[in-house]
Every structure is written in C-alpha cells, then in structure tokens.
Amino acid sequence: MEAEAGRRRRRGRGAEAVPQPSRDVNYRRLRNPFPQMEVFPADQIADMHETALRTLEELGVKVLLPEARRIYAQGGARVNEDNEMVFIGRDVVEAAVASAPKSIACRAGARRRDFTLELGSLVFQPGAGAPNATDLERGRRPANGQDYQEFLKLTHHFDVFQMISPQVEPQDVPTNVRHYFTTQAQMELTDKFPFFFSRGTPQVKDCFEMLSIARGLSDDEFRGNPHCYTIINTNSPRTLDIPMAQGLIDFARHGQMSIITPFTLMGAMAPITVAGAITLSHAEALAALTLTQLTNPGAPVCYGTFTSNVDMKSGAPAFGTPSHFQASLAAGQLARHLGLPWRSAAGSASNINDVQAANENQFGLWGCLMAGATVIIHSAGWLEGGLTVSFEKMICDAEVLNMVAELCAGAQADSSEIGFDSALSEVEPSGHFFATSQTMERYNTAFYEPHIHDYANFGTWTERGSVDANHRATGVWKEILANFEAPAQDVSRLGALHEFIARRTEAGGAPPES
C-alpha cells in the first residue's frame, strides 16, 4: 500500500508509462536478523537476576489491590495487610517464569495479520499514550477523537506496524465512554491486533465484549488465544497500583496478553546506574508476571522494560541516550535469561520533529534491535518524552522501520542473484549494467521504494520548491488519509457492536477505576 503511494511521488521515468511489476512488500512476520549485543558479562546478569529475587523476598512490593494480595498469598507469598507489602519467595517467582509461555500466537482481525511473539521475532508499534497531537498544519494541541482515528488509519496503512498502540488520548471524549470510542474505531478501521487500556474491570469487560461481537468470537474462542493486549506500568519503585494489578488479573483470567513495562528512569524512580535501574525493573516485572501466572498459569505475558535516564540538570526524561541503549541491551540479556518474549522502546525527548528527534529515535531503536527486542513500542512519532505524537515524525520514522524490515528479509546469493549469464557476461569492460537482462527484469522491484526520502539532485530538488523531509511528510500523511480504505467488515457484527455501545452508553458507560 505504501509502496504504491511512494511510486506515485517519484520523479517520472519514461519506462513508468508501461505497467511494471510491483514490489511484493510483506512486513507482517519479521525476524530480527541482527547479532545480539551484550553490555554485561553473563555472571553479572546472573547476579542482577539473583538481586531482583532477593529484592522481592526481602524488600517486597507494595500492592494496593486487595484481590491481588489475596492471590499472592494463596500462591505462597508472605503478605502484610497492615502496610500492603507482598514478599515473594524465589520458588514462587521461578514457578511463574516456568509457566509463562515462551511463544505467544497473537490472533488479529484477519489471519494474514496474525503473528507470534517469541525470542527472535520482531514487532513494531508507533508512539503511544500521549495526551497531545501535533502536525505542521494544525499545530500542537490536546489530542481529540479525529486525531485518534487519523493515527489509527496511518498505523493500519503501514505494513511495518503489526500492533495497534494506544496512540493518543481522545480528550474530547468523556472518560466513561472513551473506551467505546477507541474500541469501535479499532474494530472498524483496522484488522490489526488491538490495544485496550486497563482502567478497571468494567471497562476491560466492555472492551472484551465489543471485540468478541465485532469479530464473531465465542467465549471459548476468545479465551483460547490472545486477541488483544494491554500495557501494564508498575509505579516504580516497587509499587503495583489498583488498575494495573486489576488489569493483570483481568487479562490473565481471560487468556489475553499483558505487556509488563516498569518505567524506571535512572536517577529518579530508579538507581542512577544502568545495572541498578535494570535490576529494579527486572524485579518489578517478575512481580507482575508472577501475579498473572498465579491467576491463570500459562496466561500470555510479555516481559518488558522502559528504562532510560533523566537529565540531571532538569529532571526531565531523556531518550535515545547511551544509557538508554545500554539499558535495552541489559534488558535483552535478562529476557534471554528467562527465555521470554520481551518489549523495549525507542522514542525521543525532542519538542519537534527535528534532527534531535531523528537521532534519539534511531539510537534508541538500534539499542532495541541489537538487544533482540521482540516488541518495540514508541518506534515512530513519539516526541517530548511521550507527551506528544507527531504526524510528520510518524511518517519519517516509518521510513526507517521499513528499511529495517527490508533488512529482515536478508540478502540472497544464488546464481540468478550473482548473474554471471544475465549481467556479468553481458557487459564489456568500462560498460554499464543499466540494460542487462538482470537489470531489465528487476529494475522496478529490486530496491526499496521510499515514501518520504527524495533522491533528486540539488538542482531538481530546488526547482521543485526545496521542500524538506518534514514538509514532504505532511503531504504523505494527508495523501494516506485522503485515500484510506477500511478493511471489509461484517455489517451485521458492526450493527451488533453499535447496539452494544448505545445500550451501555445509555446506562452511563463505565468510568475508569483507580
């Protein structure tokens, strides 16, 4: 889809007047082709894991939800109800890690969109959870329902995004019915793997019911595979709040996936060192993972971390830094120590889509790739450390992700690729390969087709108005939205979905719980 748009924007060639074969682009089931780096020796990783287990045993975790404390106690943890502290023995944690699935088959709205999360697989999500949206034409603003729908369309358009992210908060939609709006949009505008917030059992159950209605799933079919996911952030240091704990329980009980993500910023809510911050993150992730397995052994759960440093001059979060890169590498080592699929993140603290934004996002991205991350969140569009998602940055970052996806396919070197008969033997010394049999067969499909990069020379670029990549990106996202076509849907199921939303809205909806 994006390749089609890219071809229409490329400078004209006479040969393009004749219909040519198009590139077969499929970025839906990627494998990470990069060698995995290690930042710490194996014995130090083992020490970090042991320290995390000791932290859970001796220091404990504060768990604010009474039901969660009961589940921990029934599973063998020591619970102090007076101060809400839970002390989890290593035997309990190790049993939970053993029961957590090492491979998770995620079921999207269409079978071609299904994917598997396991060590070695690679899945991208765009920037998520921001209160604001921005673009060059409308400026920075509190995100609204239109922004949410437009980001959803852009996410659906790019094959390289396999999962729907929380994107932006539609703040013009009341919180008691916001989950109806976002779920309906996901069911109508995309057939990719959807996201639901964990903001209390009533909202979660509504979302589960809406997904089942829209996709024609029985209770057994819904519980049989993960059809959606949530993101669980611990409150570092060592606190699991009410909606997050309830989300872990609700999703585990229904066989749906939780991505556990302690948000540990070095020097703020975590130790100032990479090793200390990642050890704390590991402990918190293990505590949350244990709750899912005590609730429902074998429940799908994705290990995660989002660890970077703060700017010690201002206290503001910083991303795409050397410490962020190192933290991703350490998290990857610990995930492999457990054998679990895991989530990491890119992102940027820049205020606009500029060189700083590109540098930070790409440096953070490569940290995730070299660490062997399974799911990379905030891989496109994220600005201001998560306060804003940018339309133009999402387009620019998607270009980089597409090129990474191209690398996942690997290079071939059979006889047709080497081309002794079709290329090498056809060209005399000092000749050229523009007209060889191999080139003529492949010229329209051999190379990646960019949607934002411009390869024109300076003179041609100047004649066209000297438009930079940021402004070209505006034209790209506007064209995508103008030509967007939603995937085919079952009309009767959508009708039933609308009836459910109308009935629940009339009843007052479901306010978020905290």
Side-chain angles (χ1 to χ4, degrees), residues 45-80 84-105 117-119 198 223 226 229-241 244-262 264 278-305 331-343 374-375:
I45 289 294
D47 286 345
M48 292 165 65
H49 177 66
E50 285 298 313
T51 303
L53 294 177
R54 182 185 178 190
T55 299
L56 295 178
E57 282 184 320
E58 298 182 13
L59 303 181
V61 177
K62 191 176 185 68
V63 179
L64 303 186
L65 181 69
E67 181 183 10
R69 296 197 298 274
R70 287 194 296 271
I71 292 173
Y72 277 120
Q74 291 168 359
R78 178 168 59 89
V79 176
N80 186 329
E84 302 174 320
M85 292 297 296
V86 175
F87 303 86
I88 313 170
R90 67 183 55 218
D91 56 333
V92 177
V93 176
E94 289 169 353
V97 171
S99 71
K102 307 304 183 286
S103 181
I104 305 171
L117 296 183
E118 59 191 9
L119 290 176
S198 292
R223 292 172 183 267
Y229 77 104
T230 192
I231 294 176
I232 300 296
N233 296 123
T234 55
N235 285 2
S236 302
R238 294 186 295 119
T239 302
L240 190 57
D241 67 22
M244 294 294 96
Q246 190 64 64
L248 289 168
I249 294 169
D250 289 340
F251 272 72
R253 280 177 175 162
H254 290 83
Q256 304 307 300
M257 183 170 66
S258 296
I259 298 181
I260 298 169
T261 310
T264 47
I278 285 295
T279 298
L280 175 63
S281 173
H282 187 59
E284 293 178 0
L286 289 174
L289 180 150
T290 298
L291 180 56
T292 68
Q293 300 307 300
L294 292 176
T295 300
N296 179 15
V301 60
C302 189
Y303 175 89
T305 184
Q333 290 182 263
L334 285 165
R336 293 192 294 277
H337 185 80
L338 301 176
L340 296 177
W342 70 288
R343 169 262 201 224
T374 310
V375 180

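Just the heavy atoms: all of them, side chains too, but no hydrogens, waters or symmetry mates, feed the values below.
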Open item on the list: If you apply the rule side chain to side chain donor-acceptor pair (under 3.5 Å), what do you find for T292 with S258, and how did you get there?
Closed with: CA-CA 8 Å; T292 68; S258 296; over 6 Å; no
Task: Side-chain donor/acceptor of E67 to backbone N/O of L65, under 3.5 Å - done: no
TODO: State whether the side chain of E284 and the backbone N or O of R238 hold a donor-acceptor pair below 3.5 Å, judged by distance alone.
DONE: yes
Task: Any donor-acceptor N/O pair, E57 side chain to R90 backbone, under 3.5 Å - done: yes
- [ ] To the nearest 0.5 angstrom, please state how far the CG atom of L64 sits from the CD atom of E84.
- [x] 5.5 Å
- [ ] Keeping the roles fixed (side chain from Q256, backbone from R223), state whether a donor-acceptor pair exists under 3.5 Å.
- [x] no
Open item on the list: Show the nearest heavy-atom pair for residues S281 and G304, with the distance to one decimal.
Closed with: OG-O, 4.2 Å
Open item on the list: Has R69 got a side-chain atom pairing as donor or acceptor with V63's backbone, closer than 3.5 angstrom?
Closed with: yes
Open item on the list: Using 0.5 Å steps for rounding, measure from the CG atom of N233 to the CG atom of D241.
Closed with: 9.0 Å
- [ ] With sequence neighbours left out, write down each residue that passes ring-ring contact (aromatic ring centres under 6.0 Å, His included) with H49, or none if nothing qualifies.
- [x] H282, H337
TODO: To the nearest 0.5 angstrom, please state how far the CE atom of M85 sits from the NZ atom of K62.
DONE: 7.0 Å
- [ ] Supply the atom-to-atom distance L248 CG to S198 OG, rounded to the nearest 0.5 angstrom.
- [x] 7.0 Å
- [ ] Write down the atom of A285, the atom of P262, and the distance for their closest heavy-atom approach.
- [x] N-CG, 3.8 Å
Open item on the list: Checking the side chain of Y72 only, and the main-chain atoms of A287 only, is there a donor and an acceptor separated by less than 3.5 Å?
Closed with: yes
Open item on the list: Using 0.5 Å steps for rounding, measure from the CD1 atom of I232 to the CG atom of L291.
Closed with: 9.5 Å
Open item on the list: Minimum heavy-atom separation for V79 and A73, please, with both atom names.
Closed with: CG2-CB, 3.8 Å
Task: Nearest heavy atoms of P300 and G255, plus distance in Å - done: CG-O, 3.4 Å
TODO: Check V375, V301, T374, I259 against P341 for a side chain to side chain contact (heavy atoms under 4.5 Å, CB included) and give me the one that passes.
DONE: T374
Open item on the list: I'd like to know if the side chain of T239 and the backbone of S236 have a donor-acceptor N/O pair within less than 3.5 Å.
Closed with: no
TODO: Could you pull out the closest heavy-atom pair between F251 and Y229, with the gap in Å?
DONE: CE2-C, 3.6 Å
Task: R343 side chain to T305 backbone, donor-acceptor under 3.5 Å - done: yes
Open item on the list: Nearest 0.5 Å, please: how far is CG in L286 from CD in E94?
Closed with: 10.0 Å
Open item on the list: Is there a side-chain contact between L340 and K102 in this structure, where contact means two heavy atoms from C-beta onward sitting under 4.5 Å apart?
Closed with: yes
TODO: Taking all non-hydrogen atoms of both residues into account, name the closest pair between L56 and A283 and its distance.
DONE: CD2-O, 3.5 Å
- [ ] Report the C-alpha distance between M257 and L117 in whole Å, list the side-chain angles of each, state the deciding distance to 0.1 Å, and finish with yes or no for side chain to side chain contact (heavy atoms under 4.5 Å, CB included).
- [x] CA-CA 11 Å; M257 183 170 66; L117 296 183; 3.6 Å; yes
TODO: Find out whether L119 and W342 are in side-chain contact, i.e. whether some heavy atom of one side chain is under 4.5 Å from a heavy atom of the other.
DONE: yes
